[in-house]
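Taking it in order: structure first as structure tokens, then the write-up.
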Number of protein chains: 2
Amino acid sequence: MNVMNASPRRKELTRLAAQLFVQEGFDRTTVRMLAQEMGIKSGSLFHHFKDKQEILAAVIEEGTQNALMIARKALDECAAEPEVRLRAMARAHLETLFTDRNAHVVALFEWRRLDPAASAHLSHLRDAYEALWVAVIDDALEAGLIHGDRFLVSRFVLGALNWTVRWYDPSGPRSPDDLADELVAMIMPTSA
Amino acid sequence: MNVMNASPRRKELTRLAAQLFVQEGFDRTTVRMLAQEMGIKSGSLFHHFKDKQEILAAVIEEGTQNALMIARKALDECAAEPEVRLRAMARAHLETLFTDRNAHVVALFEWRRLDPAASAHLSHLRDAYEALWVAVIDDALEAGLIHGDRFLVSRFVLGALNWTVRWYDPSGPRSPDDLADELVAMIMPTSA
DNA sequence: AGAGTAACCAAGCAAGCGCTAGTGTAAATG
DNA sequence: CATTTACACTAGCGCTTGCTTGGTTACTCT
């Protein structure tokens with residue numbers, strides 16, 4: 001059963017599961033499909049994960065942990081000016097969104113399939129991440145860089161960024177950093 | 001079988017289906033659940049719809065048709081200034097998003113469950129709606145109201161608006177019109 | 001060499017799935 | 001009056017689902 005460990009094998013299986021969940025959706029992905037993709041039989045799957053739910057939780061946890069780490073690192077490494085920090089945060093968001101794309105698409109669109117216990121646990125991680133955003137937005141507001149309600153601005157910005165997974169093609173001419181910079185420019189009158 | 005008619009009975013059933021699809025997700029909603037919610041037995045369902053897929057298509061078609069009608073009416077009724085039109089479009093978007101909430105949530109998050117034929121047909125409707133947006137954004141850009149790439153701006157704005165279904169509470173203090181105005185203000189430096 | 005353990009497999013169960021076939025009935029239509 | 005149409009029912013087929021069981025292999029550690 002292997003409760004909640006982080007063996008390298010399990011990590012690899014989680015990565016494959018994320019890919020399938022994105023391709024087919026969580027509900028349409030059967031344990032037999034997962035097993036085949038992993039090169040094992042469906043019964044063997046339950047040696048690594050207690051049940052299908054736990055696979056979903058593992059995928060989302062992995063992605064959210066990574067997002068949190070990358071954002072913290074980005075903020076640590078950049079200057080103190082609110083404008084720089086805002087741009088850094090937007091860049092970090094898109095960076096993690098597209099290097100860890102599968103996990104994040106699952107987190108964004110399959111969250112509701114989590115059972116209440118897993119959802120509660122993972123909500124804390126998610127809240128920690130959003131708190132970083134709100135702090136950066138607050139500083140930008142206070143510095144007069146942007147205007148509006150702190151709550152609304154952060155929701156709008158996060159919405160615009162998250163929605164990119166629906167249309168952005170990383171193989172196109174624009175880099176994720178370009179996208180982040182354009183969004184920040186769009187909401188920042190002074191940089192026009 | 002009742003191919004593709006629009007009887008009042010079928011319209012009501014479509015409305016109920018939309019609600020269930022939002023609550024449970026399309027895949028988790030069984031034909032037996034749908035039938036029970038409609039007060040009939042599961043076998044009777046297939047008198048109104050050819051199969052489960054057709055119910056999904058009916059829900060999405062209904063919502064998208066409404067959105068298109070409301071947006072066209074809003075643009076017809078308002079002045080010609082780009083700023084007014086931009087605000088009107090944003091307001092119309094949120095109005096339809098929350099009066100017809102169930103259908104739109106399904107359209108946004110269950111689109112991929114459509115079979116290719118239905119998807120192709122409904123894509124045309126959706127493209128017609130997005131064309132309205134791009135035209136309005138183009139005018140606003142040309143008038144110097146906003147700045148940036150036309151493609152990116154419309155994607156960001158639509159993303160921010162669509163994402164509201166994830167956090168906005170219509171019973172709260174803010175009206176959808178407030179939301180629309182705040183978003184437009186956020187991206188329009190001159191109105192600060 | 002022997003013990004322990006992680007990883008796997010074949011087989012299958014109980015439940016639930018979308019959907020079909022065939023029938024009954026009341027209202028509209030010729 | 002006879003027929004059609006719309007809507008609902010019962011019963012169940014054929015299949016897939018998540019998950020369990022009981023056992024085997026391969027590797028590591030003492």
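Labels below follow one simple rule: chain letters A, B, ... track the order of the sequence lines, proteins then strands, and each chain is numbered from 1.
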Using the side-chain heavy atoms of [X], tell me which of these nucleotides is nearest: [options].
X: B:S44; options: D:dG18, D:dC9, C:dG18; answer: D:dC9
X: A:F46; options: D:dC19, D:dC7, C:dC19; answer: D:dC19
X: A:K41; options: D:dA8, C:dA10, D:dG18; answer: C:dA10
X: B:S42; options: D:dC9, C:dC19, C:dA7; answer: C:dC19

ask   = What pairs with A:D181 under side-chain hydrogen bond (donor to acceptor under 3.5 Å, both in side chains), at least two apart in sequence or on another chain?
value =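 Checked A:D181 against side-chain hydrogen bond (donor to acceptor under 3.5 Å, both in side chains); matches are A:R91.
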ask   = Quick one: on DNA chain D, does A:G43 or A:R28 contact a more 5' nucleotide (nearest heavy atom)?
value =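 It is A:R28, whose closest nucleotide lies nearer the 5' terminus.
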task = With heavy atoms under 4.0 Å as the rule, sort B:T30 into base, sugar-phosphate or nothing.
result =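 Touches sugar-phosphate only.
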request  = Give one of base, sugar-phosphate or nothing for B:K52, where a contact means two heavy atoms less than 4.0 Å apart.
outcome  =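 Result for B:K52 = sugar-phosphate.
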Return the value, rounded to whole Å, for the distance between atom [atom1] of [X] and atom [atom2] of [N].
X: A:L45; N: D:dG18; atom1: CG; atom2: P; result: 10 Å
X: B:L56; N: C:dG18; atom1: CG; atom2: P; result: 13 Å
X: B:F49; N: D:dC7; atom1: CZ; atom2: C1'; result: 13 Å
X: A:E24; N: D:dT17; atom1: CD; atom2: P; result: 11 Å
X: A:H48; N: C:dT5; atom1: NE2; atom2: P; result: 17 Å
X: B:D27; N: D:dT16; atom1: CG; atom2: P; result: 16 Å
X: B:L34; N: C:dC17; atom1: CG; atom2: P; result: 11 Å
X: B:M33; N: C:dC19; atom1: CE; atom2: P; result: 15 Å

task = Please determine if a side-chain N or O atom of A:R9 lies less than 4.0 Å away from the OP1 or OP2 oxygen of C:dC8.
result =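 Result: yes.
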query = Does C:dA6 have OP1 or OP2 sitting under 4.0 Å from an N or O in the side chain of A:H47?
reply =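 A:H47 to C:dA6 OP1/OP2: no side-chain N or O under 4.0 Å.
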ask   = Does NZ or CZ of A:K52 lie under 6.0 Å from the centre of the six-membered ring of A:F26, at an angle within 45° of the ring axis?
value =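 Positive - A:K52 is close enough to the ring of A:F26 and near enough to its axis.
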query = Taking atom types as they are modelled, is there a donor-acceptor pair under 3.5 Å from the base of D:dG18 to the side chain of A:R32?
reply =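 Yes.
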query = So, do A:F98 and A:H93 have ring centers that fall under 6.0 Å from each other?
reply =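 When the ring centroids of A:F98 and A:H93 are compared, they turn out to be at least 6.0 Å apart.
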task = Would you mind telling me which of A:L179, A:L183, A:D178, A:T164 makes a side chain to side chain contact (heavy atoms under 4.5 Å, CB included) with B:L152?
result =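 Of the listed residues A:L179, A:L183, A:D178, A:T164, the side chain to side chain contact (heavy atoms under 4.5 Å, CB included) partner of B:L152 is A:L179.
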ask   = Does the side-chain hydrogen bond (donor to acceptor under 3.5 Å, both in side chains) test come out yes or no for A:D169 and A:S171, once each step is laid out?
value = CA-CA 5 Å; A:D169 173 18; A:S171 70; 2.8 Å; yes
